[in-house]
Amino acid sequence: MSGGYLLHGGDYNPEQWLDMPEVLETDIVRFREAKINTVTLGVFSWAKLEPREGEYSFAWLEQIIDRLYENGIGVILATPSGARPHWLADRYPEVLRVNASRQRMVFGGRHNHCLTSPAYREKVRQIDTRLAERFGHHPAVQMWHISNEFSGDCHCPLCQEAFRGWLKKRYQTIEALNESWCTTFWSHTYDSFEQVESPSPIGERSIMGLELDWKRFVSDQTIDFMEQEIRALRSAGSDKPVTTNLMYRFLQVDYFKLAKKIDLVSWDNYPAWQRHTLEETAQRTAFWHDVMRSLKKAPFLMIESSPGATNWQGVSKLKRPGMLRATSFQSIAHGSDGAMYFQMRKSRGAEEKFHGAVLDHYDGNDTRTFGDVCETGEMLEKISAVTGAKTCAQAAVLYDWENIWAMEGSAGPRNEGLHYQESVEKSYRALRRLGLNVDILDQSSDLGGYRLISAPMQYLFHPGFAQKVRSYVAGGGTFVMSYWSGVVDESDRCFLGGTPHDLMDVFGLRSEEIDGLYDWEENEICQPGKTCAGLGESYSCKYLCQIVKPAAAKTLMVYGKDFYAGTPALLENQYGKGTAYYVCADAEQAFYEDLYRKLAGDIGLCCPAPGGLPEGVELTSRETADRIFYFAQNFSEKEAVLSLPKGEILYGKNSDVLKPLENLVLVVKK
Ligand code: GLA
Ligand code: ZN
């Protein structure tokens with residue numbers, strides 16, 4: 001995404017207004033006023049693009065693209081496969097999804113087609129091909145937006161067949177499948193691949209290997225569907241970059257795998273501001289921006305966000321003054337090359353008529369939201385020098401899709417909630433409180449180049465992962481792993497001979513038991529006599545407590561209560577040139593903040609703000625060959641006093657004081 005400017009715009013649905021051309025005229029005027037430079041077209045236009053099978057009607061779209069282009073506005077053109085026209089479902093009922101209880105859906109909704117169906121794939125291929133032929137070389141078209149928010153699974157006979165084919169490829173023989181899935185248990189042994197059915201509430205739910213492989217298959221099948229769309233565009237001669245819009249905390253599709261198949265990662269960001277504290281929401285959002293950037297270790301695009309309230313969250317909260325700018329700014333700070341919205345104009349009726357938009361049912365430019373959008377447009381122009389700048393991180397947090405699938409599907413130490421996401425966010429937040437850029441990695445990622453890696457709850461180890469951790473630590477890295485790690489292999493089969501599998505010498509310990517705590521129970525992690533500098537005397541811990549047998553590891557802290565009081569709760573082990581830490585329990589936030597401050601200090605990772613960051617202030621940086629851009633934002637409810645590196649102000653006030661929701665960009669020459 002070069003060209004030296006940040007994208008500003010969003011999803012635009014002119015097909016809903018074709019009978020009111022004056023509305024479309026007003027849109028262009030308003031877009032120019034708000035410094036809109038890009039819109040996404042065609043996401044849900046299939047019925048207008050192909051009103052009857054094989055009858056394409058593209059003239060209206062061409063006129064709109066031309067008019068936008070004449071007005072200096074570029075286009076991200078979508079393939080329309082996110083929702084299909086009625087005729088398609090009527091003519092080819094196989095495109096309708098079947099749910100896990102084996103019921104076929106009727107027409108309605110969106111994102112609900114069978115991604116295996118040859119009929120659906122063919123109809124999509126045909127329209128994608130025609131779109132690419134007609135618009136693939138249009139100078140306004142900058143990028144392809146493949147489908148929309150890929151999600152869900154289908155259990156129809158076609159998908160069952162495809163699943164069996166996928167399994168045959170993976171296991172070759174039914175004996176190998178039986179062995180991996182441990183099917184001797186409850187006599188569920190398969191005699192042939194033909195007997196395998198996807199997991200179902202009316203059928204098999206007890207084989208975790210099946211559950212895990214089904215999730216892998218659904219993810220692979222979704223990616224395969226997306227790839228066939230990309231192939232259609234390429235075969236029709238378009239070489240424009242492709243993206244697809246990803247989602248917050250969406251775990252059905254392995255985004256690390258998907259990202260390898262697209263040119264640019266983009267995602268839809270809808271934080272529920274004011275549901276929790278500003279800081280909490282900002283940190284959770286920041287985590288997902290960092291996931292998106294890390295998927296390709298490259299700038300991404302926040303392709304959707306709401307200019308005002310959403311209309312699908314429990315409570316449709318208005319964005320208070322400054323919040324839209326802060327949301328957009330935060331995305332850029334974490335690596336987005338633009339700030340885009342859903343939607344440019346509110347629909348007249350149906351489900352999204354009350355969803356926030358740049359333009360509402362009243363057409364004027366004197367709305368509060370329109371004012372906010374204009375301010376954001378101005379801000380993006382002022383900071384456009386950051387376009388394309390990279391984020392360099394020396395710290396990382398591991399977040400692996402397959403590990404999450406396995407851990408959450410496995411009947412284990414706490415079926416009332418493992419609180420995995422929370423534990424990841426605690427470590428992430430602790431590192432971010434130090435002003436460090438943080439990459440998010442999965443187990444397939446290269447660990448080289450990081451100084452400090454946090455790996456909460458790595459229950460499943462991919463083949464080769466343990467070896468990677470071993471080399472990383474041996475080579476001088478600092479690696480922090482926590483309880484419930486290295487327990488099962490890629491089929492959810494328990495490792496034999498002690499855990500964390502293949503890393504007991506690296507951590508200098510063996511995990512022996514894990515205690516699940518009721519919601520109301522607490523234990524504590526403490527150091528009587530405070531022998532370890534930088535860590536407090538005691539912290540509370542909840543949910544899960546791993547009991548370990550130390551070997552070479554040094555015990556830094558112990559449990560304070562229960563029958564395992566006095567046994568290790570935090571351990572440190574030198575291995576090769578590096579150090580491995582094992583955190584045995586789900587401790588409170590303060591523990592992680594102290595621990596990571598101490599570890600960062602030990603290895604000389606410093607906060608770029610001399611004196612550290614006040615509570616609620618986010619600091620990130622992006623770099624070009626000769627400059628570093630520092631982004632500071634105050635997500636607390638009070639003024640924050642901040643000392644930043646010396647540099648030139650690119651955006652914001654030249655002052656040490658940041659008001660709530662105030663943003664600042666500082667440039668330092670390298
Ligand atoms: C998603 C979809 C959009 C729209 C918005 C509403 O992100 O991609 O089409 O429905 O949600 O917030
Ligand atoms: Zn299907």
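Keep in mind that what you see is a predicted model, and the values were worked out from it rather than measured.
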Over 12 non-hydrogen atoms of neighbours within 6.0 angstrom of [atom1] in [X]:
| X | atom1 | result |
| --- | --- | --- |
| E179 | CD | no |
| R275 | CZ | no |
| E122 | CD | yes |
| L496 | CG | no |
| K390 | NZ | no |

Rounded distance (nearest 0.5 Å) linking atom [atom1] of [X] with atom [atom2] of [Y]:
| X | Y | atom1 | atom2 | value |
| --- | --- | --- | --- | --- |
| I440 | H289 | CD1 | NE2 | 12.5 Å |
| L177 | S180 | CG | OG | 7.0 Å |
| S219 | L258 | OG | CG | 7.5 Å |
| K215 | D254 | NZ | CG | 13.0 Å |

[X]/[Y] ion pair, N-O < 4.0 Å:
| X | Y | answer |
| --- | --- | --- |
| R216 | D213 | yes |
| D224 | R121 | yes |
| R284 | E422 | no |
| R102 | E197 | yes |

Give the intermediate values and the outcome of side-chain hydrogen bond (donor to acceptor under 3.5 Å, both in side chains) for residues H155 and S198.
CA-CA 7 Å; H155 298 254; S198 60; 2.7 Å; yes
For [Y], does its backbone N or O pair with a side-chain atom of [X] as donor and acceptor, under 3.5 Å?
| X | Y | answer |
| --- | --- | --- |
| E490 | H462 | no |
| D128 | L233 | no |
| K296 | A259 | yes |
| Y472 | R451 | yes |
| T620 | A333 | yes |
| H501 | D489 | no |
| K240 | I76 | no |
| S482 | M457 | yes |

Give the minimum heavy-atom separation between [X] and [Y], together with the two atoms involved.
| X | Y | answer |
| --- | --- | --- |
| R84 | A89 | NE-CB, 3.8 Å |
| F225 | S81 | CE2-OG, 4.1 Å |
| G136 | W144 | CA-CZ2, 3.9 Å |
| S336 | L6 | O-CD2, 4.3 Å |
| K257 | I223 | CB-CD1, 3.8 Å |
| S192 | I174 | C-CD1, 3.6 Å |

Is a side-chain donor-acceptor pair under 3.5 Å present for [Y] with [X]?
| X | Y | answer |
| --- | --- | --- |
| Y92 | S117 | no |
| T183 | N178 | yes |
| E204 | S206 | yes |
| Y459 | D492 | yes |
| S621 | N437 | yes |

Here's a test for you: under ring pair (Phe, Tyr, Trp, His ring centres under 6.0 Å), which of Y399, Y270, F300, Y428 qualifies with W288?
Y399
Parallel under 30°, tilted from 30 to 60°, perpendicular over 60°: which one fits the rings of [X] and [Y]?
| X | Y | value |
| --- | --- | --- |
| F342 | H355 | perpendicular |
| Y248 | W267 | parallel |
| H419 | Y543 | parallel |

Hey, does [Y] have a side-chain heavy atom less than 4.5 Å from the side chain of [X]?
| X | Y | value |
| --- | --- | --- |
| Y582 | Q546 | yes |
| L210 | V196 | yes |
| Y255 | F250 | yes |
| V397 | P456 | yes |
| N245 | V43 | no |
| T244 | E229 | no |
| V487 | M407 | no |
| Y171 | S491 | yes |

Where do R249 and E425 land on the salt bridge (charged side-chain N to carboxylate O under 4.0 Å, His left out) test, with the steps shown first?
CA-CA 12 Å; R249 274 203 199 169; E425 282 172 7; 2.8 Å; yes
Where do E618 and R432 land on the salt bridge (charged side-chain N to carboxylate O under 4.0 Å, His left out) test, with the steps shown first?
CA-CA 7 Å; E618 261 225 87; R432 290 286 304 130; 2.5 Å; yes
Worked check of salt bridge (charged side-chain N to carboxylate O under 4.0 Å, His left out) between D439 and R293
CA-CA 8 Å; D439 276 352; R293 186 196 64 243; 2.8 Å; yes
Criterion salt bridge (charged side-chain N to carboxylate O under 4.0 Å, His left out) on R234 and D263, from CA distance to verdict
CA-CA 13 Å; R234 298 291 181 243; D263 300 306; 3.2 Å; yes
Just do the side-chain hydrogen bond (donor to acceptor under 3.5 Å, both in side chains) check on Q443 and Q458 with the steps written out, would you?
CA-CA 9 Å; Q443 288 187 15; Q458 298 299 305; 2.9 Å; yes
Please lay out, stage by stage, how Q330 and T285 fare under the test side-chain hydrogen bond (donor to acceptor under 3.5 Å, both in side chains).
CA-CA 9 Å; Q330 188 186 29; T285 307; 4.6 Å; no
Any chance you could lay out the side-chain hydrogen bond (donor to acceptor under 3.5 Å, both in side chains) test for D153 and W214, step after step, and finish with the verdict?
CA-CA 9 Å; D153 61 0; W214 173 250; 3.1 Å; yes
